[in-house]
Amino acid sequence: MRSLIKHHAGPELQLTDRPKPKPGPREVLIRVKKVGICGTDRHIWEWDAWAAGRIPVGIITGHEFVGIIEEVGSAVTNYKPGLRVSAEGHITAWKDFNSRTGNAHIASDTKIIGIDRDGCFAEYVCVPEENVWPVHASIPDKVAAVLDPLGNAVHTVMAANVSAKSVLVTGTGIIGLMSITVAKAAGASRIFATDIDPRRRALAKKLGAVEAFDPRDNAWINQVRKDCRGEGVDVLLEMSGAEPALAQGFEALRNGGTAALLGLFKGPIKFDINKLVIFKGCTVLGINGRKMFETWYQMEELLLSGRLELEDIITHEVPLEDFKKGHGLMISGEGIKVVMSVG
Ligand code: ZN
C-alpha cells in the first residue's frame with residue numbers, strides 16, 4: 001500500500017510501498033479516504049527536537065482521517081466492513097486509573113497513531129475497535145477527516161463552560177479558529193481573538209469574533225478589559241503556545257475567570273503566577289486530546305446543528321501524492337487546514 005513514512009532521522013517524509021496491515025483480533029482495518037495534516041505532522045516533517053525525541057524512524061505518520069472499514073478482527077462484534085468511520089487516535093489499554101474513571105484521554109499508557117504506532121497517511125490503517133467512531137451520513141468526508149482537531153476545540157470550549165460568557169481566544173491557528181466557531185455555537189456571548197497574522201484575524205471575525213487584535217500592540221488588553229465591565233473576559237482559551245500571548249491572555253482575564261490552555265509551548269516558560277493566577281483567583285485547566293467519548297458526542301451534536309462554520313478553515317485539498325505541497329502549505333502558513341485525499 002502507498003504509505004507516507006518518516007524514512008530517516010531528519011526532515012521531510014517519503015512516499016513508499018508497505019505491506020497492507022492485518023487487523024489483530026480486536027482491531028479493524030480501515031481503507032483511508034481522506035486525512036488531515038496537523039501541526040504535529042509539521043513538527044514530524046521538520047524533525048524538531050520534540051519529533052527527534054519521540055518519533056520512531058520508519059513509522060507511517062498521520063492521525064486525522066476518515067475511511068471505510070475493510071476488514072474486522074476475529075473478536076470484533078460491534079462493526080462490519082463497509083461502515084464509514086473516523087477514530088480516536090489516542091489508544092489506551094483501558095487498564096490504568098484514568099481509563100477506568102472516565103478520563104481515558106489522559107491515560108498513562110496512551111499510544112497515539114502516527115506518533116507511537118503506524119498512522120493514517122497510507123491506504124490502510126488498523127485501530128482497536130474501542131477507538132472507532134462511526135461518522136454520521138450528513139457529515140462530509142472533508143469534515144470527517146478533521147474530527148481529531150475539531151475535537152480538541154470542542155473539548156477546550158466545553159471544559160471552560162462558555163455559555164453566556166465573554167471569551168478571549170489567543171492564537172488563531174487551526175484549533176483557535178475552530179474554537180471560535182465552537183464557542184459561538186455553544187452560546188458564548190462575545191468572542192475576542194488575537195493573532196499576529198492579519199488574514200487569520202479577518203477569518204476570526206468572519207467566524208464570529210467581535211474583534212480580533214494584533215497582540216504586538218498591548219493596547220488591546222485595556223480595550224478588552226474596558227469592554228467587559230472594566231474587569232476582563234470571563235474565559236481565556238489559550239491556543240497559541242506563545243509565551244507573550246499567555247501573559248497577555250491572563251492580563252485580559254477577569255479575577256475569578258477560567259483559563260483553558262491547549263497551545264503547547266516550546267519548553268519551560270517565565271510566567272508571573274502570583275499576579276496572574278493566585279491573586280486573580282482564577283481556574284486554570286490543562287486540555288489534552290478529546291474526552292472519550294463525551295467530546296465526540298458533543299462534536300457530532302454541534303456538527304448536526306449546522307452551527308459550525310468549517311468551510312473557510314479547511315483551505316486546501318491535495319492528493320496524497322502531493323504530500324510535499326500539502327506539508328509546504330502548512331509550513332508557509334498559506335494553508336490553514338490541508339486535507340489529503342488517499343483513496
Ligand atoms: Zn492533529
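The residues of the chain are indexed from 1 along the displayed sequence.
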Strictly distance-based, threshold 3.5 Å: is any side-chain N or O of Arg290 a donor or acceptor partner for the main-chain N or O of Gly151? no
Evaluate whether atom CD1 of Ile269 has more than 12 neighbouring non-hydrogen atoms of other residues, nucleotides or ligands under 6.0 angstrom away. yes
Is Glu251 paired with Lys275 through a side-chain N to carboxylate O contact shorter than 4.0 Å? yes
What residues, two or more places apart in sequence or in another chain, satisfy salt bridge (charged side-chain N to carboxylate O under 4.0 Å, His left out) together with Asp109? none
Rounded to the nearest 0.5 Å, what separates atom CD in Glu130 from atom OG in Ser99? 10.5 Å
Using the test ring-ring contact (aromatic ring centres under 6.0 Å, His included), find all partners of Trp47 that sit at least two apart in sequence or belong to another chain. none
With a 4.0 Å cut-off on N to O distance, would you call Lys6 and Glu46 a salt bridge? no
Enumerate the residue pairs fulfilling ring pair (Phe, Tyr, Trp, His ring centres under 6.0 Å) with a member in residues 263-291, sequence neighbours excluded, ordered by first and then second residue. Phe250-Phe271
With under 30° as parallel and over 60° as perpendicular, where do the rings of His327 and Trp45 fit, or are they tilted in between? parallel
Nearest non-hydrogen partners of Ile287 and Ala159, listed with the distance: CD1-CB, 3.6 Å
Check the pair Lys206 / Asp312 against side-chain contact (heavy atoms from CB on, under 4.5 Å), numbers first and verdict last. CA-CA 9 Å; Lys206 193 174 172 199; Asp312 292 318; 2.8 Å; yes
Got a sec, which residues hit salt bridge (charged side-chain N to carboxylate O under 4.0 Å, His left out) with Asp234, two or more places apart in sequence or on another chain? Arg229, Arg254
Do Asp148 and Val146 pass the side-chain contact (heavy atoms from CB on, under 4.5 Å) test, and can you show the C-alpha distance, the side-chain angles, and the key distance before you say yes or no? CA-CA 5 Å; Asp148 173 290; Val146 301; over 6 Å; no
Kindly write out the residues that satisfy ring-ring contact (aromatic ring centres under 6.0 Å, His included) with Tyr124, not counting sequence neighbours, or none if the list is empty. none
Closest heavy-atom pair and its distance - Met1, Ala122: CE-CB, 3.9 Å
Arg100 meets the salt bridge (charged side-chain N to carboxylate O under 4.0 Å, His left out) criterion, sequence neighbours left out, with none
Restricting to pairs with a member in residues 168-180, which pass side-chain hydrogen bond (donor to acceptor under 3.5 Å, both in side chains), not counting sequence neighbours? Thr170-Glu238, Thr172-Asp195
Roughly how far, to the nearest 0.5 Å, is NZ of Lys325 from CE of Met340? 12.5 Å
Pairing of Glu311 and Lys142 as salt bridge, 4.0 angstrom limit: yes
Holding to ring-ring contact (aromatic ring centres under 6.0 Å, His included), I want the full list of residues that pass it with His105, two or more places apart in sequence or in another chain. His155
So, using ring-ring contact (aromatic ring centres under 6.0 Å, His included) as the criterion, who are the partners of Tyr79 when residues are at least two apart? none
How long is the gap from CE on Met239 to CG on Leu168, to the nearest 0.5 Å? 10.5 Å
Within 6.0 Å of CD1 in Ile331, more than 12 heavy atoms from elsewhere: yes
So, Glu88 and Trp296: side-chain donor and acceptor under 3.5 Å apart, yes or no? yes
Quick one: does any side-chain atom of Arg190 pair with a main-chain N or O of Val233 as donor and acceptor, under 3.5 Å? no
Per-pair distances, 0.1 Å, donor-acceptor, side chain in residues 33-40, under 3.5 Å, sequence neighbours excluded:
from	atom 1	to	atom 2	distance (Å)
Lys33	NZ	Asp141	OD2	2.8
Lys34	NZ	Glu317	OE1	2.9
Lys34	NZ	Ser341	OG	3.1

Test Asn274 against Lys280 for side-chain contact (heavy atoms from CB on, under 4.5 Å), laying out the working first. CA-CA 8 Å; Asn274 297 348; Lys280 265 183 180 275; over 6 Å; no
Pairing residues for Lys291 by the salt bridge (charged side-chain N to carboxylate O under 4.0 Å, His left out) criterion, not counting sequence neighbours: Glu294
Could you tell me if Gln248 and Asn218 have a donor-acceptor pair between their side chains, going purely by distance under 3.5 Å? yes
Does a side chain donor of either Thr16 or Ser3 reach within less than 3.5 Å of an acceptor in the other side chain? no
Apply side chain to side chain donor-acceptor pair (under 3.5 Å) to Thr110 and Thr92, showing your working. CA-CA 5 Å; Thr110 299; Thr92 161; 5.4 Å; no
Exercise answer: donor-acceptor pairs, residues 56-70 side-chain atoms, under 3.5 Å, sequence neighbours excluded:
from	atom 1	to	atom 2	distance (Å)
Glu64	OE1	Lys337	NZ	2.8
Glu64	OE2	Lys337	NZ	3.3
Glu70	OE1	Arg31	NE	3.3

Can you say whether the rings of His43 and Trp50 are parallel (under 30°), tilted (30 to 60°) or perpendicular (over 60°)? perpendicular
Heavy-atom count around Arg26 CZ within 6.0 Å, excluding the residue itself: above 12? no
